[in-house]
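Right, one structure below, let's go through it.
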Amino acid sequence: MAEKNFDDITIQDLSDKANVSRGTIYLHYMDKYDLLNNLIETHIKELRERCEAAADLDFVTGSVIWTEYFEANYAFFSTMLASKGAPYFRSRFLEFLIEEFKDEVDTTKGKNEGLNKDLIVQFVASSYVGVVEWWFMNERPVNHIVLAEQLGALLDRLCE
């Protein structure tokens, strides 16, 4: 996808790159969409596991766990977020973040008291996706530690 729009990629292209037969790909995946979905879900699962591991940590420390994963998988995430052929990843990532942040927002007290919880969660998750997307699209203008510290600080302000 870094070389070609997803819509233009064929199973033959994939089999040539992977140096396997088309039949081998079809043994594991129904089509290229199934393969892409499998890749996306693998990364979402890993992010979910990292979220669970960071559940008792503050937002800054927890964000470092995520940004280290983003850094280690830079090629995948930058391609997914930069590609016009993979809007599914962005929407799936947003959906995942909404699930994760809905338990972090409290509208019963403090500065969020009386606000609509769904609206706040949508705002926080969309903002997070936007910042991560900006980070990848601009070729990591700050290192992943700075990204984590600042995302964590913003989450502290918005969610607590």
Is any side-chain heavy atom of [X] closer than 4.5 Å to a side-chain heavy atom of [Y]?
{"X": "V124", "Y": "C159", "value": "yes"}
{"X": "Y128", "Y": "L155", "value": "yes"}
{"X": "L14", "Y": "T10", "value": "no"}
{"X": "I120", "Y": "T107", "value": "yes"}
{"X": "K117", "Y": "N112", "value": "no"}
{"X": "V105", "Y": "L158", "value": "no"}
{"X": "D106", "Y": "K109", "value": "yes"}
{"X": "I98", "Y": "L94", "value": "yes"}

Parallel, tilted or perpendicular, as decided by the 30° and 60° cut-offs, for the rings of F89 and F93: parallel

If you count heavy atoms of other groups shown closer than 6.0 angstrom to [atom1] of [X], is the number above 12?
{"X": "D56", "atom1": "CG", "result": "no"}
{"X": "N19", "atom1": "CG", "result": "no"}
{"X": "Q150", "atom1": "CD", "result": "no"}

Within the side chain of [X], is there an N or O that forms a donor-acceptor pair under 3.5 Å with the backbone of [Y]?
{"X": "S15", "Y": "S21", "answer": "no"}
{"X": "D31", "Y": "D34", "answer": "yes"}
{"X": "N37", "Y": "Y33", "answer": "no"}
{"X": "K4", "Y": "D13", "answer": "no"}

Show which residues join V64 in its hydrophobic cluster (side-chain heavy-atom contacts under 4.5 Å, direct or indirect), or state none. I145

Salt bridge or not between R92 and E41? Use side-chain N to carboxylate O under 4.0 Å.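 Salt bridge: yes.
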
For H43, the ring pair (Phe, Tyr, Trp, His ring centres under 6.0 Å) test, sequence neighbours excluded, returns Y69, F76, F77

Contacts of Y74 that satisfy ring pair (Phe, Tyr, Trp, His ring centres under 6.0 Å) - sequence neighbours left out: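 Applying ring pair (Phe, Tyr, Trp, His ring centres under 6.0 Å) to Y74 gives F136.
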
Under the rule for salt bridge (charged side-chain N to carboxylate O under 4.0 Å, His left out), what residues qualify as partners of [X], not counting sequence neighbours?
{"X": "K45", "answer": "E49"}
{"X": "K102", "answer": "none"}
{"X": "E3", "answer": "K17"}

Begin with the C-alpha distance, continue with both residues' side-chain angles, and end with the deciding distance and a verdict on salt bridge (Lys or Arg N to Asp or Glu O under 4.0 Å) for R48 and E99. CA-CA 10 Å; R48 181 170 283 112; E99 291 170 28; 2.9 Å; yes

Mind checking the [atom1]-[atom2] spacing from [X] to [Y]? Nearest 0.5 Å is all I need.
{"X": "R90", "Y": "I40", "atom1": "CZ", "atom2": "CD1", "value": "13.0 Å"}
{"X": "D156", "Y": "L151", "atom1": "CG", "atom2": "CG", "value": "11.0 Å"}
{"X": "S78", "Y": "F70", "atom1": "OG", "atom2": "CZ", "value": "12.0 Å"}
{"X": "I65", "Y": "L47", "atom1": "CD1", "atom2": "CG", "value": "11.5 Å"}
{"X": "S127", "Y": "Q122", "atom1": "OG", "atom2": "CD", "value": "9.5 Å"}
{"X": "L35", "Y": "M30", "atom1": "CG", "atom2": "CE", "value": "11.5 Å"}

Could you walk me through whether Y88 and L36 satisfy the side chain to side chain contact (heavy atoms under 4.5 Å, CB included) test, starting with their C-alpha distance in whole Å, then the side-chain angles of each, then the deciding distance to 0.1 Å, before giving a yes or no? CA-CA 9 Å; Y88 175 72; L36 179 61; 5.6 Å; no

Could you tell me if Q12 and D16 have a donor-acceptor pair between their side chains, going purely by distance under 3.5 Å? yes

Determine the sole option in F59, W135, F96 for which the ring-ring contact (aromatic ring centres under 6.0 Å, His included) test with W66 is passed. F96

